[in-house]
Amino acid sequence: MHRARALFVLPATLVAALSALSGCSGGGETSARGPAPTPSGLAHYTPATGSPAPGASPSSTAPKECVRTAGMSVEQLTGYLKELRSASGGYQTKGLTLDSSGLNFTPEDIKRPCEAVAVKLAHYWVDLKKTHEANVVSGARYEYSYTLVGTASHPAGPQDGRIPDTAPPGASACRGTVSVAYLGEDLPLQALPYDLKLADTTAPVPVTVNGAGVLSAIYVSPPHPDSC
């Protein structure tokens with residue numbers, strides 16, 4: 001497996017944030033130009049709520065009302081997917097989401113893509129190392145580093161459902177994860193967030209990743225940093 005690694009030593013302000021075992025990091029996403037992805041064939045999903053029953057084969061026929069994405073640039077496709085609402089139609093809902101179970105595609109009917117869109121997903125380990133024990137004056141301090149677990153391309157759409165084999169790897173005592181859904185060129189480690197915070201939950205939280213065509217990113221905190 002191809003692996004890449006970089007060490008980020010937190011400045012004093014970020015170390016202080018890591019001293020408290022509570023809170024979470026939030027953020028939005030950015031997009032940039034990059035080479036356009038090649039749309040792939042229809043995805044075979046585990047049906048989501050309201051989707052066809054298990055065993056039903058996705059139809060090769062595109063929806064009656066759909067958006068042609070084959071000729072879009074990375075910038076155009078990123079904007080389209082980030083603006084695509086979920087089937088509920090609610091304000092600020094997303095048709096393509098990333099959570100603890102992986103990627104899920106449930107877009108509104110009138111703007112769904114006519115063909116499958118190739119979405120890249122990268123997972124990274126977040127390894128903690130304690131550099132200063134807690135005392136009466138200050139809390140414990142940590143450094144963290146990233147290691148690429150793997151990157152793969154997954155077809156999203158035009159059928160609804162959760163995309164298999166996209167869930168983040170499980171966190172361990174001193175190891176959390178960051179997962180990023182994106183289009184275009186692969187992300188350098190320098191694009192990953194430098195301001196992660198320890199939390200008392202393993203529920204994923206959104207984080208900001210600076211990279212070409214980034215759609216969304218989530219962070220799962222290490223559950224037991226005191227043992228690091």
Give the minimum heavy-atom separation between [X] and [Y], together with the two atoms involved.
X: Thr69; Y: Leu77; value: CB-CD1, 3.8 Å
X: Pro113; Y: Tyr80; value: N-OH, 3.0 Å
X: Gly170; Y: Trp125; value: O-CZ3, 3.4 Å
X: Gly176; Y: Ala171; value: CA-CB, 4.2 Å
X: Gly157; Y: Phe105; value: CA-CE2, 3.3 Å
X: Pro158; Y: Cys114; value: CG-O, 4.0 Å

Is there side-chain contact between [X] and [Y], with at least one heavy-atom pair below 4.5 Å?
X: Val214; Y: Leu187; answer: yes
X: Leu215; Y: Leu98; answer: no
X: Pro222; Y: Leu198; answer: yes
X: Pro204; Y: Ser100; answer: yes
X: Val117; Y: Leu96; answer: no
X: Tyr142; Y: Thr131; answer: no
X: Val119; Y: Leu183; answer: yes

Quick check: does any side chain N or O of [X] sit under 3.5 Å from a backbone N or O of [Y], one acting as donor and the other as acceptor?
X: Lys111; Y: Val67; answer: no
X: Thr106; Y: Ala87; answer: no
X: Tyr219; Y: Lys197; answer: yes
X: Tyr146; Y: Pro193; answer: yes
X: Thr93; Y: Ser86; answer: yes

So how far is it from [X] [atom1] to [Y] [atom2], rounded to the nearest 0.5 Å?
X: Ser221; Y: Arg175; atom1: OG; atom2: CZ; result: 14.0 Å
X: Asp160; Y: Asp109; atom1: CG; atom2: CG; result: 7.0 Å
X: Leu128; Y: His224; atom1: CG; atom2: NE2; result: 12.5 Å
X: Cys174; Y: Lys129; atom1: SG; atom2: NZ; result: 12.0 Å
X: Asp127; Y: Tyr144; atom1: CG; atom2: OH; result: 12.5 Å

note = side-chain hydrogen bond (donor to acceptor under 3.5 Å, both in side chains) filter on Ser179, not counting sequence neighbours, yields His123

Please tell me whether [X] and [Y] are part of a single hydrophobic cluster in this structure, the criterion being side-chain heavy atoms less than 4.5 Å apart.
X: Leu121; Y: Val74; value: yes
X: Met72; Y: Ile110; value: no
X: Val220; Y: Val149; value: no

request  = Evaluate the criterion side chain to side chain contact (heavy atoms under 4.5 Å, CB included) for residue pair Tyr124 and Leu148; output intermediate values, then yes/no.
outcome  = CA-CA 4 Å; Tyr124 302 86; Leu148 177 65; 3.5 Å; yes

request  = Count the heavy atoms of every other residue, nucleotide or ligand shown that sit under 6.0 Å from NZ of Lys130, and state whether that count exceeds 12.
outcome  = yes

query = Crowded around Asp165 CG? As in, over 12 foreign heavy atoms under 6.0 Å?
reply = no

task = Could you tell me whether Glu65 and Arg112 make a salt bridge, using a distance below 4.0 angstrom between a side-chain N and a carboxylate O?
result = no

query = Salt bridge between Asp99 and Lys94, side-chain N to carboxylate O under 4.0 Å?
reply = no

